[in-house]
Amino acid sequence: GAGETDHAVFAGLPGYFSLADIDLPPKLLNLFVLMHCALYIGQASGPNWMGSMVGYPSLVCDGVWYSGTFRPTDLILYKPYYEGDTGRRLSVVEVFRDHTDLVFGYNYAWKRIEIGHNSSDEILEGVKETLAVLEGRFVLSDDDRRLCERYAKLLPPRAIIAAQGNRPPLYVLRQHEKELLDEA
């Protein structure tokens, strides 16, 4: 973890190494790390765009709902949204289907939506898929393709993410399989 990383979010992951104690300006440290790695796993911020732009795979954690990366094969693990009154987590399908305003960054307070962070377990599941892709072990089944297609149809056409083609990790889509397939 380098630069402006919120190290607390990643601290529970096995093998996570914080570079917070290195005495360099965060932006310079980001640049060095990004130019010397094979894979980006980190939060949605300026650095995630750099890795994608130069062509290596990315898993963006704590992703914002309206934006992705330059590589359609990169994965976005969205920040969880919760109903403030009940604490219930909104599903990916619900957000894109019923709360387009939230996708574009509006009305959180009015709707009493609380924004969380991805858990270390969620990040670890996303890492597993990202590594499988990087190592050539990843294969999409016909059912998985169908889930990806249904997810893509949910995206608001004006959202940048619709043009970029990114998606959440398959484990997220599989959690919402019934909801996605009912959208047909």
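The structure presented is a predicted model; accordingly, all values stated were derived computationally and were not measured.
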Next on the checklist: Can you list everything that forms a side chain to side chain donor-acceptor pair (under 3.5 Å) with Asp85? Sequence neighbours excluded, please.
Outcome noted: Arg112
Checklist outcome for this item: The side-chain contact (heavy atoms from CB on, under 4.5 Å) partners of Ala8 (sequence neighbours excluded) come to Asp6
Checklist entry - side-chain contact (heavy atoms from CB on, under 4.5 Å) with Ser119: which residues, sequence neighbours excluded? => result Asp121, Glu122
Checklist entry - Who are the side chain to side chain donor-acceptor pair (under 3.5 Å) partners of Asn107, not counting sequence neighbours? => result Asp101
Checklist entry - Partners of Phe32 by side-chain contact (heavy atoms from CB on, under 4.5 Å), sequence neighbours excluded? => result His36
Checklist outcome for this item: Sorted by chain and residue number, the salt bridge (Lys or Arg N to Asp or Glu O under 4.0 Å) partners of Glu177 (sequence neighbours excluded) come out as none
Next on the checklist: Going by the rule salt bridge (Lys or Arg N to Asp or Glu O under 4.0 Å), which residues pair with Asp144 if we only count those two or more places apart in sequence or in a different chain?
Outcome noted: Arg174
Could you give the side-chain donor-acceptor pairs of residues 17-25 under 3.5 Å, partners two or more places apart or in another chain?
| residue | atom | partner | partner atom | Å |
| --- | --- | --- | --- | --- |
| Ser18 | OG | His7 | ND1 | 3.3 |
| Ser18 | OG | Ala20 | N | 3.1 |

Checklist entry - Under the salt bridge (Lys or Arg N to Asp or Glu O under 4.0 Å) test, which residues partner Glu149, sequence neighbours left out? => result none
Item to check | Residues that Arg167 engages under side chain to side chain donor-acceptor pair (under 3.5 Å), provided they are two or more places apart | outcome: Glu129
Next on the checklist: Can you list everything that forms a side chain to side chain donor-acceptor pair (under 3.5 Å) with Ser91? Sequence neighbours excluded, please.
Outcome noted: Glu179
Checklist outcome for this item: Applying side-chain contact (heavy atoms from CB on, under 4.5 Å) to Leu39 and not counting sequence neighbours gives Ile41, Pro57, Thr130, Leu131, Leu134
